[in-house]
Amino acid sequence: MNSIERIKAALNFKQPDRVPVIAQVFGHAAILAGVALGDYVRNGELLARCQLQALQFYGYDAVFALMDANVETEAAGSILTYRTDQYPIVKSAVLANGTDLNTLLPPNPWQAGRMPELLKAVRILRQEAGDSVLVVGCVLGPMTLATQLLGIEAALYLAIDEPEQFAHLLGFATKIAMRFGVAQIEAGAHLPMVFEPSASPEVIPAPFYREFVLPYLNQVFTTFKQAGSAANWLHTAGPATPILHLYPQARVDLANIDFCVDPLDAMQALPQTCLNGNIKPLAYVEATPEEIAAESSRLLKLFANRGGFILSSGCEIPPESKPENIAAMVTAACQEK
Amino acid sequence: MNDSMMDLLVKALLDGDQTQAIIEVGKLREAGVRRRQIITDGVEAAMTQLDAKCTVEQFNLLEIMLCGRAATGVMKVLYPLGAPPLQTKAAVVMGTLEGDVHDLGKNILKMVLTAKGYRVVDCGKDCSLERLVDAVEQEAPVAAGISGLITTIIPQVRQMKDKMAERGLGHIKVIAGGAALKQATAESLKVDFIAQSAFDGLHYLDQIVGVRHE
Ligand code: B12
């Protein structure tokens, strides 16, 4: 089996030749290649080259065309600060200074900000590796993008004080996500992962999630499926257990679970949904390869009977992680029968 | 003083109803209640109740944000020029370090501490270590608080105590919180305390300044 077949088998609860392993290597690919993170997130070709190099080095099952959490908000007009060795940050959010939402247009993915660079990365990755390895794009989920357009506190207060206005903002964010994701599929991504950290129960309670987030996520995922996405992958960091059972309502096929989610709870909440996770991100920086290997086999055993599992980290593998720790996870998946 | 009037303020604060809370403050002031007492028996009392309600499993962020916003609104009405209440318990300097945009947790901590009578000096997000130490030097706080949600800032955290010691500020406590720092131990981060929540941090600070917990 190649990586794509292996992942598809896991998604469908069929027996893969081995459990797929997806290391959430984003900025770490730059560090590994000796490239500045600040350059990596601005240059699609460089990003793709670093991803391919990391793929060759580790031999896992997926590559990512993913820059950081600010691509969409920048394309819509927010100003970022770039640094050499760190991810960029939002200096001023486009809607934070009183700009009227009604005057904003959803950015054109082929023109605005770094979106075209990301699409370029997708195209190269698909060309170079995409026949056998999963090429994953990324869009922010509606809730997260709303918080990135307005600022997280202002967005949460808006949701409570003026729910209709907030729904309007979510609608706008949804449009951006759909356009950008469809463009990624057109450029060759097998699927755009939906990155939705601000919808974590760490931030909003489950009833809020049901009312404000689910319907919009459903729209996004329905659109992606129609556009040919291989699977609907939802990524929500933090202690997501209280909302997992709602994922099928948003048509989620693959659910990321963070290290603070008990895999047994996740299996119970999502009996028919493939799960990926959930090694602690900090462990790749601080633990030893032996510890990562032990944690990997614990997870592989836990899911052995059920299937529907992809071995992975709970969230992004920190850029400064030790390569031998990432390698230990990949080896664990390859050696397990 | 009319206890039930104060209760109404506490209730409005706990409901997160800023408008109502400000109305109640107006009534209390008309009845001749001192600002200091409104802070102690109203704002701080509401925070204490919220604290008791917020366990690790039962932690409703929005509830705290709304209560925090109402409390901040009340303080602004009581001290319109931004002058802090006269006898603050102590000062606390806090910030999110360079490269980290997550500031929701820090802002909540700020609201909680302010409402509990601390003077908070907020260095904001994406703050350089140098600036944070400068602020510690200027403000003579009881502690410096670092909020960190991404692991890349950990090396900066580890330098904090040494940088402070270089300037003779080694006696000031450093406390840390936030998702990335919570995964580590106090020893490995070279800090004095790691808080699991804003209230956890509050309890630690109260202990240092010698406030007894009811
Ligand atoms: C919302 C969120 C975001 C939002 C943040 C918006 C904002 N302005 O704050 C956005 C979408 C922007 C975002 C971006 C990113 N994020 Co983020 N995000 C989260 C998420 C889901 C919740 C964080 C949050 O706000 N929690 C709610 C607050 C209230 O909780 P809190 O901060 O812990 O604070 C409480 C206590 O800890 C305490 N506290 C906090 N600080 C302090 C300090 C002191 C002194 C004390 C006493 C107490 C205290 O008080 C609060 C109340 O009790 C977490 C998941 C998680 N597990 O936390 C990931 C998480 C923090 N993000 C993560 C990552 C990786 C990122 C990105 C790097 C992704 C990317 N590749 O682009 C970027 C970061 C860019 C940057 N340069 O910083 C990772 C970090 C892991 C790591 N590698 O280090 C996390 C942990 C997810 C994970 N499990 O991996 N994110």
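Quick note on labels: first sequence line is chain A, next is B, and so on, each numbered from 1. Keep in mind that this is a model prediction, so the values were computed, not measured.
Within a 6.0 Å radius of NZ in B/K11, other residues, nucleotides and ligands contribute 12 heavy atoms or fewer. Under a cut-off of 6.0 angstrom, the local environment of NZ in B/K173 is sparse, with at most 12 non-hydrogen atoms contributed by other residues, nucleotides or ligands. Dense packing is recorded around CD of A/E324, with more than 12 heavy atoms of other residues, nucleotides or ligands lying under 6.0 Å away.
In this structure the side chain of B/D126 reaches within 4.5 angstrom of the side chain of A/R83, judged on heavy atoms. Residues B/V101 and A/V90 have side chains not in contact (no heavy-atom distance under 4.5 Å, counting atoms from C-beta outward).
Between chain A and the residues B/D100, B/T151, B/D103, the largest count of heavy-atom pairs under 4.5 Å involves B/T151. Between chain B and the residues A/A159, A/P88, A/C260, A/P205, the largest count of heavy-atom pairs under 4.5 Å involves A/P205. Considering only heavy-atom pairs separated by less than 4.5 Å from chain B, the leading option among A/V285, A/T81, A/I160 is A/I160.
Side-chain atoms of A/Q86 never come within 3.5 Å of backbone atoms of B/I153 as a donor-acceptor pair (strictly under, hydrogens ignored).
Residue A/E286 touches chain B through its side chain alone, counting heavy-atom pairs closer than 4.5 Å. Within the 4.5 angstrom heavy-atom criterion, only side-chain atoms of B/I154, from C-beta onward, approach chain A. Neither the backbone nor the side chain of B/A179 comes within less than 4.5 Å of any heavy atom in chain A. For A/E320, the part lying under 4.5 angstrom from a heavy atom of chain B is the side chain only. Proximity to chain B is absent for every atom of A/D258, based on heavy atoms less than 4.5 angstrom apart. Both the backbone and the side chain of B/E98 come within contact range of chain A, each with at least one heavy atom under 4.5 Å from a heavy atom of that chain.
Taking SG of A/C315 as the start and CD1 of B/I150 as the end, the distance is 11.5 Å to the nearest 0.5 Å. A distance of 10.5 Å separates CZ in B/R69 from CG in A/L156, rounded to the nearest 0.5 Å.
Nearest heavy-atom pair across B/G99 and A/I89 is O-CG2, 4.3 Å. A pairwise comparison of heavy atoms in A/L282 and B/A184 identifies CD2-N, 4.2 Å as the closest pair. Taking both residues in full, the closest heavy atoms of A/Y157 and B/M111 are given as OH-CE, 3.8 Å, listed atom of the first, atom of the second, then distance. The heavy-atom pair separating B/L61 from A/V203 by the smallest distance is CD2-O, 3.1 Å.
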